[in-house]
Amino acid sequence: MSPAYDPKATEEKIYKFWEPYFAPMAVGTTKSKGKTYAIHLPPPNITGSLHMGHALNVTLSDILIRYHRMRGYKTVWFPGTDHAGIATQNVVEKNLKKEGISRWDLGREKFTKKVWEWKEKYGDIIIGQLKKLGASCDWSRTRFTMDPAYAEWVKKAFVHYYERGFIYRGKRVVSWCPRCQTSLSDLEIEYKEESTKLWYIKYPLISNQESRIRNQEYIIVATTRPETMLGDAAVAVNPDDKRYKNLTGRKVVLPIQNREIPIVADRAVEMSFGTGAVKVTPAHDILDSEIGERHKLPQFQIINERGKMTAEAGKDFEGLKTLEARERVVAELEKLGLIEKIEDYKHNLATCYRCGAALEPLLSDQWFLKMEKLAEKTLKAVKSGKIKIIPENFEKVLLDWMEKVRDWCISRQIWWGHQLPVYFCKNKQEEISNFKFQISNENSSAEKYVVAAEKPKQCPFCKNCDMKQSEDVLDTWFSSALWPFAGLSQNDLKDFYPSSVLITARDIINLWVARMIFSGLEFMKEVPFPETLIHATILTKEGKRMSKSLGTGIDPLGLIEKYGADAIRFGIIWQTMGTQDVHWDEAAVVAGRKFANKLWNIARFVQGQTGISNPEFPCLAGRQVISKQISNSELQDEDREILGKSEKLKTEIEKDIKNYEFGPALHKIYDFIWHDFADQYIELSKNRTDENVKIILCHLLGDSLKLLHPFIPFITEEIHRRLFGNALIVEQW
RNA sequence: GGACGGUUAGCUCAGCGGUAGAGCAUUCGCCUUACACGCGAAGGGUCGCAGGUUCAAAUCCUGCACCGUCCACCA
């Protein structure tokens, strides 16, 4: 053994050695006989490579997997990747853009083929990266959220919901990304603070007696989007607002459009904001569409799916971008003397969480999943303790959202994803469409369609058309929600559903965890996992979010290259004390590398002392020494002390792992090995020659390797192999 | 606007009722035959601020300040 530990000479070799042991099997004892332990890897998006957040997640999961495997559980870690709809589509689009090609140039079929090529490439890269980190996943069970078997489940789920009346189609105002050309769910919106103006606009009141005669009276509304006034259908005030009490029911003239619109009373209006009077644009604002529904207001679609003004906006505005229209509207109003004032204003602009474009609330046909009953189930499971969220305070995040959850818009107008199992009749379309403008050619609610897992052989409506499958795809999270069971074999479901624990980051508690819970309850009649561990978020040293686009990300693989995988795992866990966010500090990785080296040299010392002459595998000399009995009659105080400490440490580590206290556990092992074992006992042992001390040294090292193996698997395996000859990964804990 | 968390050595963090700790960095000795990715020693903190509870507070309570994360249909 050379004096310095070299991870590069070890890791790849050791990983190959391990692979046969990743399949579920029960090793050793009778104690845990029949017990199973399973974790599902949160499937990384195939958009690129892994980041520190993945490294943390993978390390935590691997600790639990390796620990339970050693304890004799039939253990499995299910890996896989996620097709990640919009995210992946955008990455591929950006890539194509470099060649000057858009997805429209290619067309749907060719484009999705490109995405599949991307998937093959990056899916493999991601799996390679997971292996580098030492993840002991069962690769024979790797899944992708668009595998055929998985896709079957997705269709089955959709049909299941539809048949129970949970899925409906509706024309609603949804958040629309004009760049991605698709709808988004509430959770896919990212708010960014923006400095803008608040325009106070005077809407002339029509007097009671002389209709349409303008007088000096106005009602003033405040808005951040003056261009949407072209689509106003009313002005709303709060019914309790004394200022406007006697105006309710009267009408105003909508400037520019010269349309008479009513003043309505609605509780959604906040009296304290602006003037307390709000313009209502039912087709371009979600809140306004609800007010519109309550007061039966018409919807004027003045902006199209590309963020440009429609004919409905008026001749002067048609074809303009919204911001251009804004300037023109303001100029026009100023000319008319209808701008009361303009204030500086900061508000949160809704943007696309994938491409960052400002969202446009837009009226369109979409598919929704009714959340009421599903939310009820989820709440019950969480409140009753069937699912525990750790740490507990994150339970509130889930409950809060679930308690006021809105129906989930599950359709997306992109190309990459699971197409809806909906088939349209090509011939039967009824002619009722309230809106001239249509988002997609499936727009007419009067179309005839069938929801079915397979395309019907014969169209049930016209009896002779070749039915056309919906072009929409499902929200990527619809399929991720099925991850704990979709695509699993019957046997695996029997053995490993529910899984043991879900380990994930806090930012997808609602996006993913909540949806897995109700999906599990709905399709498997049981919660998908009894515990959810919400781990820390790794931030930069300055406390900023790690992000590729900001250039603040740290590449785990670069660190592995520099320090070795064990050192990275050590560094991550060393810093992850609770669930408090981590301000990344490479110094902890340095500590990890030093510690690995220390351990290596302890092994070298023990090897020398115990006369293990042939360090190369297979070497049974160590095995022989360690199997010898310690002579109790010859025990010295120092022996008793160190053996006692080692025993106590083992108990503490078991407790820590059970409580998911990985950081504190690692610190304890570190302290014991460095300060008790090496600094004290090894130094004392140098003055002794008795047989006992050799056996004890072997025992201490053997036990230390076991305790450490889940945390830093490569070096512990390598040492164990060299000194004791057998596989540590399946050594009984 | 709401919720949650943080504020302890130069940096990143433990400690969470009883005389301030770790890693990294710094200084001074040591290549002492397991390890210089090391060994031995040293310096460095009125534990965010202001009150309160207590024999005793970094640790409990209240208020404030600053930082961070998440949630939110105030136009």
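- Between B:U27 and B:U8, the two C1' atoms lie 23 Å apart (nearest whole Å).
- Straight-line distance from the CZ atom of A:F677 to the C1' atom of B:A34: 11 Å, rounded to whole Å.
- In this entry the distance linking NZ of A:K541 with C1' of B:U12 reads 6 Å, nearest Å.
- The list of salt bridge (charged side-chain N to carboxylate O under 4.0 Å, His left out) pairs with a residue in residues 262-279 of chain A, not counting sequence neighbours, reads A:D232-A:K279, A:D240-A:R267, A:D266-A:R294.
- Side-chain contact annotation: A:D639 with A:Y681, donor-acceptor N/O pair under 3.5 Å present.
- Listed nucleotides: B:U69, B:A75, B:C35. Nearest to the side chain of A:E270: B:A75.
- Checking A:I602 against A:Q575, the closest nucleotide of RNA chain B that is more toward the 5' end is the one next to A:Q575.
- Backbone-only contact: A:Y345 has heavy atoms under 4.0 Å from sugar-phosphate atoms and none from a base.
- Residues passing the side chain to side chain contact (heavy atoms under 4.5 Å, CB included) test with A:S289, sequence neighbours excluded: A:V173.
- In summary, the side chains of A:Y200 and A:E343 do present a donor paired with an acceptor at a separation below 3.5 Å, with no hydrogens or angles considered.
- Rounding to whole angstrom units, NZ of residue A:K404 and C1' of B:C73 are separated by 11 Å.
- An OP1 or OP2 oxygen of B:C74 is reached within less than 4.0 angstrom by no side-chain nitrogen or oxygen of A:H347.
- Among pairs with a residue in residues 591-605 of chain A, none fulfils salt bridge (charged side-chain N to carboxylate O under 4.0 Å, His left out), at least two apart in sequence or across chains.
- Of the candidates A:K648, A:K668, A:K645, A:K645 is the only one forming a salt bridge (charged side-chain N to carboxylate O under 4.0 Å, His left out) with A:D676.
- Across the protein-nucleic acid pair, A:D266 atom CG and B:A75 atom C1' stand 13 Å apart, rounded to whole Å.
- Between the side chains of A:S183 and A:Q366, at least one donor N or O lies within less than 3.5 Å of an accepting N or O.
- A:L700 has its CG atom 15 Å from the C1' atom of B:A34, to the nearest Å.
- Nucleotides B:G2 and B:C73 are separated by 15 Å at their C1' atoms, to the nearest Å.
- Ranking B:A34, B:A75, B:C73 by closeness to the A:R406 side chain, first place goes to B:C73.
- Under the rule for a side chain to side chain contact (heavy atoms under 4.5 Å, CB included), the partners of A:E395 that lie at least two apart in sequence or sit in another chain are A:V382, A:I389, A:E392, A:L399.
- Base engagement by A:I682 is indicated by at least one non-hydrogen atom pair under 4.0 Å involving a base atom.
- Here the separation of B:C28 from B:U7, taken at their C1' atoms, is 34 Å to the nearest Å.
- Along RNA chain B, the nucleotide nearest to A:V582 and the one nearest to A:N510 differ in position, and the one closer to the 5' end is contacted by A:V582.
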statement: Protein heavy-atom contacts under 4.0 Å, written 5' to 3' over nucleotides 36-42 of chain B as B (base), S (sugar-phosphate only) or - (none), form the string -BSS---
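- In this structure, A:V269 reaches the bases: a heavy-atom distance under 4.0 Å links it to at least one base atom across the strands shown.
- For B:A3 and B:U54, the C1' atoms lie 32 Å apart once the distance is rounded to whole Å.
- Rounding to the nearest 0.5 Å places OG1 of A:T378 at 6.0 Å from CZ of A:F518.
- Remark: the separation of the C1' atoms in B:C37 and B:C24 is 13 Å, to the nearest Å.
- Between B:A34 and A:K686, a contact under 4.0 Å exists linking OP1 or OP2 to a side-chain N or O.
- For the residue pair A:E586 and A:Y563, a side-chain donor N or O sits within less than 3.5 Å of a side-chain acceptor on the partner.
- For A:F273, the ring pair (Phe, Tyr, Trp, His ring centres under 6.0 Å) test picks out A:Y345, with sequence neighbours left out.
- Residue A:E586 contributes atom CD, which lies 14 Å from atom C1' of B:A25 at whole-angstrom precision.
- If you take atom C1' in B:A9 and the same atom in B:G52, they sit 29 Å apart, rounded to whole Å.
- The A:M577 side chain lies nearest to B:C13 when the options are B:A34, B:C73, B:C13.
- Of the P atoms belonging to B:U33 and B:C39, the separation is 14 Å, rounded to the nearest Å.
- Of the residues in residues 276-298 of chain A, those placing a heavy atom less than 4.0 Å from an atom of RNA chain B are A:V278, A:L287, in numerical order.
- Checking side-chain atoms of A:R243 against main-chain N and O of A:M271 turns up a donor-acceptor pair under 3.5 Å.
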Detail all sub-3.5 Å separations between protein N/O atoms and N/O atoms belonging to nucleotides 1-4 of chain B.
{"residue": "B:C4", "atom": "O2'", "partner": "A:N393", "partner atom": "ND2", "Å": "3.1"}

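- With P as the reference atom, B:A36 and B:A42 are 23 Å apart, rounded to whole Å.
- For the side chain to side chain contact (heavy atoms under 4.5 Å, CB included) test, no residue two or more places apart in sequence or in another chain qualifies with A:K242.
- To the nearest angstrom, P of B:C71 lies 11 Å from CD1 of A:I189.
- Donor-acceptor pairing under 3.5 Å is lacking for the side chains of A:Y218 and A:E340.
- Nearest to the side chain of A:W574, among B:A75, B:A34, B:G23, sits B:G23.
- A:F595 is linked by a ring pair (Phe, Tyr, Trp, His ring centres under 6.0 Å) to A:F570, A:Y670, counting only residues two or more places apart in sequence or in another chain.
- Scored by the side chain to side chain contact (heavy atoms under 4.5 Å, CB included) test, A:K370 finds A:Y168, A:D407 as partners (sequence neighbours excluded).
- Secondary-structure stems of RNA chain B, taken as three or more successive Watson-Crick or G-U wobble pairs (i with j, i+1 with j-1) under a 3.5 Å distance threshold, comprise B:1-7 with B:65-71, B:10-13 with B:21-24, B:26-30 with B:38-42, B:48-52 with B:60-64.
- One can find a donor-acceptor pair under 3.5 Å joining the base of B:A34 and the side-chain atoms of A:E683.
- Rounded to an integer number of Å, the gap from CD of A:E403 to P of B:C71 is 17 Å.
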